[in-house]
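Each remark here refers to the structure printed beneath this line.
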Amino acid sequence: MLSATYEARAYGVRSAMPMARARRLCPTAAVVAPDHAAYRAASVAIMKIFRDVTPLVAPLSVDEAFLDVAGARALFGSAPRIAADIRRRVAAEQDLTCSVGVAPSMFVAKIASTRCKPDGLAVIAPDAVLAFLHPLPTGALWGVGPRAEAALTRLGLHTIGDIADTPVDTLRRALGDAVGTHLHRLSWGIDERRVDPATTEVTVGAERTFATDITEPAALARELLRLSGRVAGQLRLRHRRARTISVKVRYGDFRTVTRARTLRDGTDVSQAIYATATDLVTDLGLLGAGRAAAAEVMAVRLLGVRAGNLVDAGGASKQLRLGERPDGWAELDRVADRARERFGADAVGPAALLDHPEGPPPAPPPGPP
DNA sequence: TCTGGGGTCCTAGGACCC
DNA sequence: TCTGGGGTCCTAGGACCC
């Protein structure tokens with residue numbers, strides 16, 4: 001399940017909850033199929049409203065962004081005034097409510113907006129920051145999840161004020177250097193991060209949880225091919241290439257492992273990513289000749305492919321090494337991209353992914369298409 | 001209560017180099 | 001020949017966020 005209304009949340013329904021459980025908790029709930037295209041369109045529209053105010057917009061997700069309005073005040077009035085105007089425009093143009101936190105720093109604005117949801121406006125003036133923060137529970141801090149909260153509780157710390165009154169070395173011992181130092185600074189309202197509109201992705205990935213656990217090598221290989229194609233497509237869309245390919249496997253018992261390999265050159269080629277991913281999964285004993293005896297093969301619940309160490313694709317194609325010949329896979333991707341552009345996402349795809357439940361495994365990596 | 005899918009960042013150990 | 005320290009890169013795992 002993707003999300004839940006506040007009425008459903010009153011029954012204990014949360015986002016990311018399995019559908020069956022959500023229905024159990026709230027049998028009267030209406031279930032609506034998601035419309036991702038509509039969400040994307042609304043997202044683009046509200047981000048444009050933000051950019052009408054300032055170029056310093058850092059999107060946090062489809063429906064959230066940080067805005068630095070310091071320079072916009074001369075034009076549009078005080079920060080609270082700007083916030084109210086944005087809320088009005090979003091309501092008028094998109095028929096959506098939104099919550100806005102106004103504060104001297106990003107993390108205080110974030111906490112403020114969280115606490116005035118839904119459809120609220122919270123303004124925390126600079127001299128009110130500590131009075132606002134210190135009574136809040138430690139879990140309200142951005143970056144304090146269940147684990148860190150438990151560790152803080154073991155130290156007898158329950159509020160942000162408690163963190164502020166604790167020596168930073170105590171926090172570092174309990175939570176690690178980075179987190180300990182960071183939380184202590186936040187507890188005093190110190191956050192030097194600036195709104196940076198130029199952030200680019202560090203990794204691109206795709207993963208899938210199976211409805212039922214998979215043991216069939218052919219099915220695993222097919223999914224690997226599909227995921228590799230999606231990742232490569234995202235890379236080409238962003239004009240990026242990846243040097244590191246990693247796979248993620250979650251077994252039936254929820255144990256999760258990752259394996260990664262860094263290549264000499266960055267790639268955005270479906271087949272290259274698929275070949276590397278296949279190698280990594282083979283090394284785990286799930287595919288190929290080294291596959292463990294059938295009885296020992298763990299059922300796989302989730303399979304993922306991720307591309308990291310991204311570099312700009314630039315204009316030039318990959319340097320061919322001595323004795324190396326272009327193999328046609330990159331050209332195949334380009335042709336397929338153009339076909340999908342014209343005829344839709346499902347226009348072309350690997351034959352191995354055609355809809356036959358027990359189809360043959362995809363072609364092995366090497367060899368021209 | 002058995003847990004989506006997209007990400008970010010941190011830690012820790014090992015290899016390698018100066 | 002041995003030793004130390006620092007920096008960088010890579011890999012694996014884990015916490016956390018929306």
Side-chain angles (χ1 to χ4, degrees), chain A residues 1-4 9 11-25 34 36 39-40 43 58-66 98-99 106-107 110-111 113-114 117 138-152 171-183 186 193 196 199-213 223 226-227 230-231 233-235 237-238 240 242-264 276 279-280 283-284 299 301-311:
Chain A
M1 190 194 50
L2 206 58
S3 188
R9 281 168 207 240
Y11 288 83
V13 178
R14 297 284 177 269
S15 59
M17 185 175 274
M19 202 47 155
R21 189 162 167 232
R23 283 191 193 277
R24 244 190 339 267
L25 286 166
H36 293 284
Y39 308 153
R40 256 196 311 278
S43 178
L60 188 63
S61 66
V62 279
D63 66 349
E64 233 176 335
F66 289 108
C98 66
S99 299
M106 289 167 64
F107 93 98
K110 168 71 180 162
I111 296 174
S113 79
T114 300
K117 280 182 184 179
T138 57
L141 278 180
W142 213 45
V144 175
R147 301 301 291 253
E149 192 171 4
L152 291 167
L171 298 170
R172 288 161 62 123
R173 271 194 300 277
L175 301 162
D177 280 359
V179 174
T181 306
H182 186 57
L183 292 190
L186 294 187
R193 288 171 306 167
D196 180 5
T199 52
T200 54
E201 298 98 335
V202 177
T203 67
V204 169
E207 62 183 52
R208 175 143 104 112
T209 301
F210 302 110
T212 55
D213 297 356
E223 189 58 28
R226 200 181 66 87
L227 295 169
R230 276 176 51 189
V231 170
Q234 286 300 312
L235 288 171
L237 202 64
R238 294 165 160 75
R240 311 274 280 166
R243 279 193 57 229
T244 303
I245 306 302
S246 61
V247 296
K248 172 162 132 185
V249 174
R250 175 124 71 213
Y251 296 103
D253 62 1
F254 220 70
R255 195 167 53 92
T256 306
V257 297
T258 60
R259 290 292 180 274
R261 180 172 303 166
T262 297
L263 312 169
R264 237 172 8 189
T276 305
D279 271 1
L280 293 166
D283 289 348
L284 286 171
R301 177 169 303 176
L302 173 153
L303 198 57
V305 174
R306 185 161 291 278
N309 245 320
L310 303 189
V311 294

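Every chain is numbered from 1 and lettered A, B, ... according to where its sequence line falls, protein lines coming before strand lines. These figures come from a predicted structure and were not determined experimentally.
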[X] side chain: which of [options] is closest?
X: A:Phe254; options: B:dT3, C:dG13, C:dA15; value: B:dT3
X: A:Glu64; options: B:dG5, C:dC16, C:dC18; value: C:dC18
X: A:Arg230; options: C:dC18, B:dG6, B:dC10; value: B:dG6
X: A:Ala178; options: B:dT1, B:dT11, C:dA12; value: B:dT11
X: A:Asp63; options: B:dT3, B:dT8, C:dC18; value: C:dC18
X: A:Glu207; options: C:dC16, B:dG6, C:dC17; value: B:dG6
X: A:Leu2; options: B:dG4, C:dA12, C:dT11; value: B:dG4
X: A:Thr203; options: B:dT1, B:dT8, B:dG5; value: B:dT8
X: A:Arg147; options: C:dC16, C:dC18, B:dG7; value: C:dC16

Length of the [atom1]-[atom2] vector between [X] and [N], whole Å:
X: A:Met19; N: B:dG4; atom1: CE; atom2: C1'; answer: 12 Å
X: A:Glu223; N: B:dG4; atom1: CD; atom2: C1'; answer: 14 Å
X: A:Met106; N: C:dC17; atom1: CE; atom2: C1'; answer: 13 Å
X: A:Leu141; N: C:dA15; atom1: CG; atom2: P; answer: 19 Å
X: A:Lys248; N: C:dT11; atom1: NZ; atom2: P; answer: 18 Å
X: A:Leu60; N: B:dC9; atom1: CG; atom2: P; answer: 12 Å
X: A:His36; N: B:dG5; atom1: NE2; atom2: P; answer: 11 Å
X: A:Arg193; N: B:dC9; atom1: CZ; atom2: P; answer: 10 Å

Just call it for [X]: base, sugar-phosphate, or nothing, with non-hydrogen atoms closer than 4.0 Å on any strand.
X: A:Val144; value: sugar-phosphate
X: A:Arg243; value: sugar-phosphate
X: A:Val62; value: nothing
X: A:Lys110; value: sugar-phosphate
X: A:Arg250; value: nothing

Please tell me which of A:Thr209 and A:Arg21 maps to the more 5' nucleotide of DNA chain B, matching each residue to the nucleotide holding its nearest heavy atom. A:Arg21

Whichever of A:Met17 and A:Glu201 has the more 5' nearest nucleotide on DNA chain B, that residue is A:Met17

A:Val257 versus A:Tyr251: any side-chain heavy-atom pair under 4.5 Å? yes

Do A:Arg172 and A:Asp177 have side chains that approach each other closer than 4.5 Å (heavy atoms only, starting at C-beta)? yes

Between A:Arg24 and B:dC2, is there a contact of a side-chain N or O with OP1 or OP2 at under 4.0 Å? yes

Say we look at C:dC16 and B:dT1: how far apart would their P atoms be, to the nearest angstrom? 22 Å

Distance, P atom - from C:dC18 to B:dT3, rounded to whole angstrom: 22 Å

Would you mind telling me which of A:Lys248, A:Arg301, A:Arg230, A:Arg250 makes a salt bridge (Lys or Arg N to Asp or Glu O under 4.0 Å) with A:Glu207? A:Lys248

Comparing A:Thr256 and A:Arg261 on DNA chain C - which has the more 5′ nearest nucleotide: A:Arg261

Considering all heavy atoms, the nearest [X]-[Y] contact:
X: A:Val231; Y: A:Ala206; answer: CG2-N, 3.7 Å
X: A:Ala242; Y: A:Leu235; answer: CB-CD1, 4.0 Å
X: A:Leu280; Y: A:Ser246; answer: CD1-CA, 4.3 Å
X: A:Ser43; Y: A:Val62; answer: OG-O, 2.7 Å

C:dC2: syn or anti, per glycosidic angle within 90° of 0: anti

If B:dC18 has a Watson-Crick or G-U wobble mate with both distances under 3.5 Å, name it; if not, just say none. C:dG5

With stacking defined as ring centroids separated by under 5.5 Å and planes differing by under 30°, is A:Trp142 stacked against C:dC17? no

